[in-house]
Amino acid sequence: MTTTTAEKNFTIPHRFSPRKYQLNMMGAIPSGYKRYVGIWHRRAGKDKTAFNFVVSQAIQKKAVYYYFFPTYRQGRKVLWEGIDPRTGLKYTDHIPLTLIAKKNDSEMKIELVNGSLIQVVGTDNWDSVMGTPPLGCVFSEYSLQDPRAWDYIRPILRENDGWAIFIYTPRGRNHGYTLFKMAVKSADWYVEKLTVNDTRRDDGTAVITDADIDKDRSEGMDEDLIQQEYYCSFEGAVVGAYFSKQLQQSRKDGRITRVPYVPGIPVDTYWDLGMDDSTTIWFIQSLHTKEIRVIDFIEDSGEGIAHYAKILKEKPYVYGEHFFPHDVEVRELGTGKSRKEVAENYGIKPLTTIERPRDSEAVNAGIEAGRNFLSRCYFDDQKCQRGLEALESYHKEYDEENKVFRNRPMHDWSSHAADAFRTFAMGFKERLRIQKTKPKPKKHWMAA
């Protein structure tokens with residue numbers, strides 16, 4: 001894999017000697033595979049290996065290469081500004097200075113002297129690069145990314161005969177698990193899972209030792225997190241994820257399956273409205289209070305109410321009520337009409353507004369209500385796949401400095417579906433409250 005270029009007096013990989021277990025990632029694409037999935041344990045050097053591979057490809061062939069992270073901020077912190085504590089090198093130090101033509105810090109973009117471009121991108125803003133077709137892409141921490149980024153990039157790579165590398169540790173049975181299971185069955189994908197039992201340094205010592213893990217355990221590290229981070233387990237509940245345990249139980253109970261629409265039972269919709277981002281809708285039938293059938297889910301962005309009204313009409317459902325968060329009452333500056341009025345004009349009615357305050361206490365109350373109702377929910381595993389992946393990924397914000405989870409959600413791609421589910425939880429909770437407080441009809445007895 002190492003190529004010497006004497007006239008420039010450097011080697012590729014530059015200032016990096018891959019360990020034996022890292023060679024498969026660096027060799028999979030050159031050997032003919034177009035897709036690589038690497039489920040590697042934490043601190044195994046996923047990004048170090050992948051970035052050096054990108055550099056080697058960019059030097060060999062003039063093209064655009066994207067390195068995707070879950071967020072722009074994470075990409076900057078981990079790769080663009082990250083420093084290896086063992087060597088003191090930045091990731092960008094693995095590009096020989098004589099090969100760098102331009103370096104754009106604000107856009108995290110490097111242009112090589114041969115015209116190749118390497119850019120770090122957050123999939124929280126993946127559509128910002130859609131105009132420039134890449135030849136190669138790395139999806140780092142893919143299990144935390146918005147999977148729609150891959151859906152949009154995939155046809156471009158197919159047309160360009162390009163390649164893609166996915167590197168991550170598990171985050172429960174979300175889209176990362178789905179991709180891994182698919183890759184295992186495909187002869188066209190190179191896939192490997194490396195736990196702490198599979199990785200060694202050049203001197204034969206373990207990258208992460210049993211003593212290291214025992215120390216983490218004794219200091220209070222959650223066992224599910226240990227199994228996830230060090231043994232690449234997809235089975236445990238994801239630490240910091242709000243609905244992971246409940247969805248794990250749902251799978252054990254067989255409540256994530258085919259859930260057909262039952263004609264004659266009204267379908268209620270529960271919304272989260274996006275302005276500049278996604279609008280999400282859950283479609284739910286309540287046969288009775290103990291069986292909630294979640295039969296469908298849609299998400300789209302950049303569209304007005306008319307778009308969603310059309311989708312609703314095209315579905316075969318007979319609707320009951322439509323539940324929206326309180327911001328449906330906001331009036332648009334251009335028309336002076338509220339989105340509620342617009343929705344009702346398109347036939348989305350009766351429409352009920354759910355008070356869903358944004359302060360942390362109220363948000364957590366809505367999340368807790370959602371957790372409680374999950375034990376009654378049956379999800380259609382096909383029509384609700386995107387929504388389920390989002391609920392699986394919905395997690396607390398992590399404080400990197402203090403190494404603790406904050407008591408508030410991380411706003412990312414999964415938030416929209418989770419907020420719409422929170423609309424359902426609060427709306428259904430209110431419905432049950434009203435039913436309980438309704439006066440019971442008096443019984444009338446006929447005289448004997």
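Residues Met426 and Tyr270 have side chains not in contact (no heavy-atom distance under 4.5 Å, counting atoms from C-beta outward). In this structure the side chain of Asp381 reaches within 4.5 angstrom of the side chain of Arg258, judged on heavy atoms. In this structure, Lys46 and Arg42 have side chains that are in contact, with non-hydrogen atoms separated by less than 4.5 Å. The side-chain heavy atoms of Ile118 and Val55, taken from C-beta on, include a pair separated by under 4.5 Å. Looking at Arg19 and Thr199, their side chains never come closer than 4.5 Å, going by heavy atoms from C-beta outward. The shortest distance between side-chain heavy atoms of Arg293 and Pro260 falls below 4.5 Å. Counting heavy atoms from C-beta outward, Gln119 and Tyr67 have side chains that stay 4.5 Å or more apart. With contacts defined as side-chain heavy-atom distances shorter than 4.5 Å, the pair Leu112/Ile59 qualifies.
Listed here is the closest heavy atom pair of Gly172 and Glu392: CA-OE2, 4.2 Å. Minimum heavy-atom separation, Thr123 to Gln145: CG2-OE1, 3.0 Å. When every heavy atom of Thr257 is checked against every heavy atom of Gly254, the shortest pair comes out as CG2-O, 3.5 Å. Shortest non-hydrogen contact noted between Phe428 and Ser286 is CE1-OG, 3.3 Å. Across every non-hydrogen atom of Pro13 and Asn52, the tightest pair is CB-OD1, 3.9 Å. Nearest heavy-atom pair, Leu312 versus Tyr319, reported as atom, atom and distance to 0.1 Å: O-OH, 2.8 Å.
When ring centroids are compared, Tyr394 and Phe421 stay outside the 6.0 Å threshold. Ring-centre distance between His175 and Tyr142: below the 6.0 Å cut-off. Ring centers of Trp282 and Phe297: under 6.0 Å apart, within the cut-off. For an aromatic pair to be called close, the ring centres must be under 6.0 Å apart, and Phe424 with Phe323 fails this.
Ion pairing between Arg386 and Glu389 fails under the 4.0 Å rule for side-chain N and carboxylate O. Taking a cutoff of 4.0 Å between a charged side-chain nitrogen and a carboxylate oxygen, Arg255 and Glu291 do not qualify as a salt bridge.
Summarising the geometry, atom NZ belonging to Lys290 is positioned 8.5 Å from atom CZ belonging to Arg376; distances are rounded to the nearest 0.5 Å. Note: Thr49 OG1 to Gln22 CD = 3.5 Å, rounded to the nearest 0.5 Å. Here the straight-line distance linking atom CG of Leu97 with atom CG of Leu99 works out to 9.0 Å at 0.5 Å rounding. We find the OG1-CD1 distance between Thr169 and Ile39 to be 8.5 Å, quoted to the nearest 0.5 Å. Put simply, CG on Leu89 and CZ on Arg15 are 4.5 Å apart, with the number rounded to the nearest 0.5 Å. Residue Asp412 holds its CG atom at 8.0 Å from CG of Leu144, rounded to the nearest 0.5 Å.
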Step by step, would you call Glu321 with Thr352 a side-chain hydrogen bond (donor to acceptor under 3.5 Å, both in side chains)? CA-CA 7 Å; Glu321 292 185 71; Thr352 301; 2.8 Å; yes
Take Trp271 and Thr423 through the side-chain contact (heavy atoms from CB on, under 4.5 Å) test and state the conclusion after the steps. CA-CA 7 Å; Trp271 298 57; Thr423 300; 5.7 Å; no
For Ser393 and Asn174: C-alpha separation, side-chain torsions, deciding distance, then whether side-chain hydrogen bond (donor to acceptor under 3.5 Å, both in side chains) applies. CA-CA 7 Å; Ser393 295; Asn174 67 357; 3.1 Å; yes
What verdict does the salt bridge (charged side-chain N to carboxylate O under 4.0 Å, His left out) test give for Asp105 and Arg76, after you've listed the backbone C-alpha separation in whole Å, the side-chain angles of each residue and the deciding distance to 0.1 Å? CA-CA 9 Å; Asp105 185 67; Arg76 177 169 291 280; 3.7 Å; yes
What's the verdict on salt bridge (charged side-chain N to carboxylate O under 4.0 Å, His left out) for Asp146 and Arg148, showing C-alpha distance, side-chain angles and the deciding distance? CA-CA 5 Å; Asp146 183 344; Arg148 286 191 305 175; 3.6 Å; yes
Could you please spell out the steps behind the side-chain contact (heavy atoms from CB on, under 4.5 Å) verdict for Asp212 and Tyr230? CA-CA 10 Å; Asp212 293 330; Tyr230 294 141; over 6 Å; no
Determine, stepwise, if the pair Ile213 / Ile226 fulfils side-chain contact (heavy atoms from CB on, under 4.5 Å). CA-CA 8 Å; Ile213 297 172; Ile226 287 174; 3.8 Å; yes
The test is side-chain contact (heavy atoms from CB on, under 4.5 Å); show your working for Ile110 and Leu117 and say whether it passes. CA-CA 6 Å; Ile110 293 175; Leu117 291 174; over 6 Å; no
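Aromatic ring orientation, Phe68 versus Phe139: parallel (interplanar angle below 30°, classes split at 30° and 60°). Aromatic ring pairs are classed by plane angle as parallel below 30°, tilted from 30° to 60° and perpendicular above 60°; the pair Tyr21 and Trp40 is perpendicular.
Other residues, nucleotides and ligands contribute at most 12 non-hydrogen atoms within 6.0 Å of the NZ atom of Lys245. In the displayed structure, Lys103 atom NZ is contacted under 6.0 Å by more than 12 heavy atoms of other residues, nucleotides or ligands. Within 6.0 Å of the CZ atom in Arg217, the count of heavy atoms belonging to other residues, nucleotides or ligands exceeds 12.
One side chain, Asn24 or Tyr190, offers a donor N or O that lies under 3.5 Å from an acceptor on the other. In this structure, a donor-acceptor pair under 3.5 Å is absent between the side chains of Asp124 and Thr71. Side-chain N/O atoms of Thr269 and His322 include a donor and acceptor closer than 3.5 Å. Using modelled atom types, one finds no donor on one side chain facing an acceptor on the other under 3.5 Å when comparing Gln228 with Ser233. Looking only at atom types and distance, the side chain of Ser250 has no donor-acceptor partner in the side chain of Asp253 under 3.5 Å away.
For Lys315, the salt bridge (charged side-chain N to carboxylate O under 4.0 Å, His left out) criterion is met by Asp296, not counting sequence neighbours. When the ring pair (Phe, Tyr, Trp, His ring centres under 6.0 Å) test is applied to His416, the partners found at least two apart in sequence or on another chain are His411.
Tyr91 carries Lys48 over the face of its six-membered ring, with the cationic atom under 6.0 Å from the centre and within 45° of the normal.
Without hydrogens or angle criteria, Ser56 side chain to Phe53 main chain gives a donor-acceptor distance under 3.5 Å.
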Atom pairs and distances, donor-acceptor, side-chain atoms in residues 153-164, under 3.5 Å, two or more places apart:
unit_1, atom_1, unit_2, atom_2, d
Arg154, NH2, Asp151, OD1, 2.6
Asn160, ND2, Pro134, O, 3.0
Asn160, ND2, Ile156, O, 3.4

